[in-house]
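Below is one structure, written out as structure tokens; the observations come after it.
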2 protein chains.
Amino acid sequence: MDESIKIPTTRNGTTTFNLLLKASEACFFEKGYHGTTVADITQKAGVAAGTFYLYFPSKMSLYRHLLNELSHDIRKEIASKIDPSLKRVDQEKAGIRAFLEYAIKNPHMYQIIWESLYIDRSLFQAYYDAFAKRYIKGLTPAKEAHEMANLDLEIVAYILMGITNFMGLKIILDLGESESKIDAVVDTIMHVLKHGLFTAE
Amino acid sequence: MDESIKIPTTRNGTTTFNLLLKASEACFFEKGYHGTTVADITQKAGVAAGTFYLYFPSKMSLYRHLLNELSHDIRKEIASKIDPSLKRVDQEKAGIRAFLEYAIKNPHMYQIIWESLYIDRSLFQAYYDAFAKRYIKGLTPAKEAHEMANLDLEIVAYILMGITNFMGLKIILDLGESESKIDAVVDTIMHVLKHGLFTAE
DNA sequence: TTAGTATATGAATAAGCATTCATGTTATGA
DNA sequence: TCATAACATGAATGCTTATTCATATACTAA
């Protein structure tokens, strides 16, 4: 019943632990959580089946750990690319680009995040709620300074997440083709966010 | 190897067939495709386990059928709510509202659509590609008539799908709370699409 | 009425897979 | 050098579950 993972204490243990994490990311990306067996993971990691259970009490606990890690990773990555001294509109541009670049570099991210909807819906909700909260926090000063329209920030946050998430997924799915189009994608999004899509009547 | 379903020919058969479809939607929504057993479906439908295989050669074939049905259903529903004589911006508003209302009335839709990413990625891709194509077709005349900005329509299509899909999901996930907020959501989205989010420098 | 077809049953089958466990191996601090 | 804890193994276990099948009933056209 204890779902907590066992962090290794030695150099060798840490190596194995990380092999398992990397292998599982690759497997989950290829075949999804349910389509991946523990044997798949241990085989790809090059260790015996039993070794898995030295560190993870269950397949699910590994998944949870991955989601958690990914969540921190993305946040840190995006934050590092945003210069707080810029105007919010330019921060937004940097954030969108950072997200899309992260998605390209980590093509398994959607597999891990979206699959939570089918594994434990509360994990999915928690993930996007946390993301939305950060957005709202960032947008609030901009709203107060009238750098942006006077709109409900939670709705705005989901609009922005929807745009970036779908574009990221699109880019990943036809990888190779669109990967180079990142500039065009960012520019198009920013055009809509600055001037709207439809010409005023 | 034949994955095609067997359409019943009698009144009784049709009833059973539909019971199985309804039951599977409910089960998939509750527990996901992999979490749902064929026994779950037949039990909820009130038929014997073997009956399932009179109509569906496999669990997967049922899923495929559902995704296909849903896809047609959504398109028809949205198309019926759009008045082609309106300007594109107002067509868009009607389309967004129609999608969100459909999502609320069919809370299992995301489960079915997004899960395709983990069942057969090409199904997922086909679904959104088809949706994007319809968007592009609708937007092309507007672009030519300068009713909208001169942007890459495929990117625009994914921006619009991202916004509506994420807002729909958000509304479904905290059902009850946001369900009534549909007007605010539509208005906020339309504000962004008409005037942008950030005030011009 | 009756042959034939569609529909229905649910126990049996067989395969897959997460997890356990009895048995090593390695590394290290004293 | 040796005791001890960490790490590693992979065959065995036991459960779950998709699918099949032998059998039975309902309907329909002639």
Side-chain angles (χ1 to χ4, degrees), chain A residues 1-28 30-67 115 118-120, chain B residues 1-28 30-67 115 118-120:
Chain A
M1 258 306 106
D2 184 7
E3 276 299 305
S4 61
I5 67 178
K6 161 87 176 54
I7 303 281
T9 59
T10 71
R11 176 184 298 286
N12 276 349
T14 303
T15 301
T16 303
F17 184 85
N18 289 327
L19 280 174
L20 285 170
L21 284 181
K22 283 297 156 213
S24 67
E25 284 184 21
C27 289
F28 288 163
E30 269 177 59
K31 315 199 261 178
Y33 176 82
H34 293 285
T36 298
T37 69
V38 173
D40 289 336
I41 296 170
T42 53
Q43 196 176 329
K44 175 153 270 175
V47 302
T51 303
F52 183 93
Y53 294 91
L54 287 178
Y55 305 104
F56 306 99
S58 65
K59 190 176 145 189
M60 174 72 94
S61 68
L62 164 62
Y63 172 80
R64 263 195 254 268
H65 181 75
L66 273 181
L67 181 62
E115 201 157 14
Y118 308 97
I119 294 172
D120 183 340
Chain B
M1 260 303 105
D2 185 6
E3 277 298 305
S4 61
I5 67 177
K6 160 89 175 54
I7 303 281
T9 59
T10 71
R11 179 184 297 286
N12 276 348
T14 304
T15 301
T16 303
F17 184 85
N18 288 326
L19 279 175
L20 285 170
L21 284 182
K22 283 297 155 208
S24 67
E25 283 184 22
C27 290
F28 288 164
E30 269 177 58
K31 316 200 261 179
Y33 175 83
H34 293 285
T36 297
T37 70
V38 173
D40 288 336
I41 296 171
T42 53
Q43 196 176 329
K44 175 153 272 176
V47 301
T51 303
F52 184 93
Y53 294 91
L54 286 178
Y55 304 104
F56 306 100
S58 65
K59 189 175 145 187
M60 174 70 95
S61 67
L62 164 62
Y63 172 80
R64 261 195 255 270
H65 181 75
L66 272 182
L67 181 61
E115 200 157 15
Y118 308 97
I119 294 171
D120 183 340

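All values below come from the heavy atoms of this structure, side chains included, with hydrogens, waters and symmetry mates left out. Every chain is numbered from 1, with letters handed out A, B, ... down the list of sequences. Since we're looking at a predicted model, the values are computed, not measured.
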Got a sec, which residues hit side chain to side chain donor-acceptor pair (under 3.5 Å) with Lys22(B), two or more places apart in sequence or on another chain?
none
Among residues 12-23 of chain A, which contact DNA chain D at a heavy-atom distance under 4.0 Å?
Asn12(A), Gly13(A), Thr16(A)
Atom of Thr42(A), atom of Ala39(A) and distance for their closest heavy-atom approach:
OG1-O, 3.1 Å
Verdict with supporting geometry, Phe17(A) and Phe56(A), side-chain contact (heavy atoms from CB on, under 4.5 Å)
CA-CA 9 Å; Phe17(A) 184 85; Phe56(A) 306 99; 3.5 Å; yes
Terminal helix-axis angle for the helix from dT1(C)-dA30(D) to dA30(C)-dT1(D), with five pairs defining each axis and rounding to 10 degrees
10°
Any residue meeting side chain to side chain contact (heavy atoms under 4.5 Å, CB included) with Thr14(A), in chain and number order, not counting sequence neighbours
Pro8(A), Asn18(A)
With 3.5 Å as the limit, what N/O pairs link the protein to nucleotides 10-17 of chain D?
residue: dG10(D); atom: N7; partner: Gly50(A); partner atom: N; Å: 3.2

Answer yes or no: does a side-chain N or O of Thr10(A) lie under 4.0 Å from OP1 or OP2 of dC7(D)?
yes
When we call it a touch if two heavy atoms are under 4.0 Å apart, what does Phe56(A) touch: a base, just sugar-phosphate, or nothing?
nothing
Between Lys44(A) and Glu30(A) (salt bridge meaning N to carboxylate O under 4.0 Å), is one present in this structure?
yes
Phosphate contact (dT7(C) OP1 or OP2) by Thr9(B) side-chain N/O below 4.0 Å:
yes
State which residues pass side chain to side chain donor-acceptor pair (under 3.5 Å) with Lys59(A); sequence neighbours excluded, sorted by chain then number.
none
